[in-house]
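Please read the structure below before turning to the comments.
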Amino acid sequence: MRWWKMLGLAGIMGVAATGVVIARAERRRRAYTPEEIRTRLRERAEGAPGA
């Protein structure tokens with residue numbers, strides 16, 4: 001039964017690590033100003049094939 005405990009602990013740690021990665025990405029995404037986002041979207045649209 002001890003290996004079940006280790007498996008459960010590893011699962012919990014995996015969920016926590018995933019949450020940290022998602023939170024970090026969200027913080028990075030929200031760091032852009034609205035003008036920076038508009039500029040990046042315009043650049044992407046100009047470089048898109050068929051545009």
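We use all heavy atoms of the structure for the numbers below, so side chains are in, but hydrogens, waters and symmetry mates are not. In what follows, residues are counted from 1 in the order of the sequence shown.
Under the 4.5 angstrom side-chain criterion for Ile, Leu, Val, Met, Phe, Trp and Tyr, the cluster partners of M13 are L9. Clustering of Ile, Leu, Val, Met, Phe, Trp and Tyr side chains at separations under 4.5 Å leaves V21 isolated, with no partner residue.
Atoms OG1 and CD, on T33 and E36 in that order, are 3.5 Å from each other to the nearest 0.5 Å.
The salt bridge (charged side-chain N to carboxylate O under 4.0 Å, His left out) test applied to R30 returns E26, not counting sequence neighbours. Not counting sequence neighbours, E43 has no partner by the salt bridge (charged side-chain N to carboxylate O under 4.0 Å, His left out) test. Judged as a salt bridge (charged side-chain N to carboxylate O under 4.0 Å, His left out), and not counting sequence neighbours, the contacts of R38 are E35. Applying the side chain to side chain contact (heavy atoms under 4.5 Å, CB included) rule to R28 yields the partners R24; only residues at least two apart in sequence or on another chain are considered.
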